[in-house]
2 protein chains.
Amino acid sequence: MREKDTKERILDAAERIFAERGFAGTSLRAVTSAADVNLAAVHYHFGSKEALLQEILHRRVAPINQERAKRLDRIEARAAEEPPSVEEIVAAFLEPAVQLGDGPESDGRAVRALAARIYGEPRELVEPMIREEFGDLSRRFVALLGRARPELSRSEIESRFQFAVGVLIFVIAERYVSNLTPDSELDLNDREAIVRRMSAFIVHGLCAPPADARSRGGS
Amino acid sequence: MREKDTKERILDAAERIFAERGFAGTSLRAVTSAADVNLAAVHYHFGSKEALLQEILHRRVAPINQERAKRLDRIEARAAEEPPSVEEIVAAFLEPAVQLGDGPESDGRAVRALAARIYGEPRELVEPMIREEFGDLSRRFVALLGRARPELSRSEIESRFQFAVGVLIFVIAERYVSNLTPDSELDLNDREAIVRRMSAFIVHGLCAPPADARSRGGS
DNA sequence: GTATGATTCAAACGTTCGTTTGAATCATGG
DNA sequence: CCATGATTCAAACGAACGTTTGAATCATAC
């Protein structure tokens, strides 16, 4: 038996390659070759390529969503006494995600890139996965933001939550436009600064006055 | 000769299918079948699958970037007298993009989805395209934002610009998390409201105080 | 050592893919 | 009408794909 078992090696290799090439652009032969295992092992251990993707997502996303849920629990418990602040809600949303995949053996970059690129895959492939992993949590975030900003309609809160998701996904995916030019001063390795800036941007965006004249119309 | 010529039919069909399935997940047979043309026509007219993608991008993105460049010209001309406002810079950035692909014959949804999903494709495929189409414009937006917010470092401006890009991409891609749950009140057809809200969110995010203690350190 | 289930293996299946090829057809000008 | 280049066509090429198959090997318990 190898040092790291076959299943784990497949998961690690697939994670990296799915992140770079997407689901359709990743062949199982590329994965098994990178994992140094036999092609049939994928079917033996996972049943299908699609199930492999699902399992990769789950193994990475479940821990961060558990952490988010814990943080939400604490915020919700205190919300009975006083409304939550946008800052703490944003922290609960962002912090688990920006640490995604970091560990002693890995800097988590591929994991985060994969989590981000899921949003670009064909809808029928990933919407069930997204709904399953994030549906409940997003409802809870939206509800808490509603407590923090009661003058906004549910619809406007949902929009703003979505904008925050867009920022986060772009940041964790490290897909940048401006640093493609030679004069860019953006240092992608300064993650702390980027996270701090992102948090400030999102908090301030969320704290904007209502953009809708009839913002309370939808409730 | 058909009503619409072969080349145009291929471009239209490919645009739609690339947007749904991504580059690797799109077969030329799917495209040619949808366009009701012969498979070899793709190679005859475009040379390769990749060149087809490039041409699709260019035909859609070039007009919006021309419009953006025109708006930038106007803002830059006035910037000699007084600093530009964040609002007008954001409008110059967003408005051409949210109208992307809208015309008498098409609601532009597929076009926008494709423009958005380009960011998820393998880097070596799309970075040259992105650099070519957006490199110069992003430099100009960053420079103008620097004029509007001189207390921020170039690096922090670039980060914020990137966050704005993330929001825009998510919105034009119509990839939502919260509306996947049955109780969502987000109406994706109310584009005007969504754009208005997005603009407010971005403007307020960009107007946040410096997140970096040494924000002017990079200049 | 033997039996049994788990795991890995190499080969194959049937399908699909982007690209190429040479012939057929079309469009246009002289 | 003929010549010529443009365009479309059907077939094929060589490669790649996810999945399946049955045999071989491994691991473990008795």
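Throughout, a chain's letter reflects where its sequence line sits, starting with A, and its residues are numbered from 1.
- Residue whose closest nucleotide on DNA chain C sits further toward the 5' end, between K49(B) and A40(B): K49(B).
- Atom CG in L28(B) sits about 9 Å away from atom P in dC17(C), given to the nearest Å.
- One interatomic measurement links the two molecules: CD of E50(A) to P of dG18(D), which rounds to 12 Å at whole-angstrom precision.
- What separates CD1 of I10(B) from P of dG18(C) is a distance of 13 Å, to the nearest Å.
- Of all heavy-atom pairs between D187(A) and I194(A), the closest is O-CD1, 3.7 Å.
- Of the side-chain N and O atoms in S27(B), none sit less than 4.0 angstrom from OP1 or OP2 of dT16(C).
- Remark: T6(A) is in phosphate contact with dT8(C), judged by side-chain N or O atoms under 4.0 Å from OP1 or OP2.
- Regarding D36(A), its CG atom lies at a distance of 12 Å from the P atom of dT8(C), rounded to whole Å.
- Salt bridge R197(A)/D190(A): absent, no basic N to carboxylate O contact under 4.0 Å.
- Between E156(A) and R149(A), none of the side-chain N atoms (NZ, or NE/NH1/NH2) sits under 4.0 Å from a carboxylate O, so this pair counts as no salt bridge.
- The distance between atom CG of L39(B) and atom P of dT21(C), rounded to the nearest whole Å, is 15 Å.
- Of the charged side-chain nitrogens involved, at least one lies within less than 4.0 Å of a carboxylate oxygen, so that D12(B) and R59(B) count as a salt-bridged pair.
- T32(A) comes within 4.0 angstrom of no nucleic acid atom, judged by non-hydrogen atoms across all strands.
- Taking 4.0 angstrom as the limit, N38(A) places a side-chain polar atom (N or O) nearer than this to OP1 or OP2 of dA10(C).
- Among dT8(C), dT8(D), dA10(C), the nucleotide with an atom closest to any side-chain atom of H45(A) is dT8(C).
- Taking atom CZ on R29(A) and atom P on dA15(D), their separation rounds to 14 Å, with Å as the unit.
- You'll find that the side chain of H43(B) is closest to dG18(C), out of dG18(C), dA10(C), dC17(D).
- Atom P of nucleotide dC26(D) and atom CG of D5(A) are separated by 17 Å, given to the nearest angstrom.
- Contact check for F201(B) versus F201(A): side-chain heavy atoms found under the 4.5 Å cut-off.
- Side-chain nitrogen and oxygen atoms of Y44(B) include at least one within less than 4.0 Å of the OP1 or OP2 phosphate oxygen of dT7(D).
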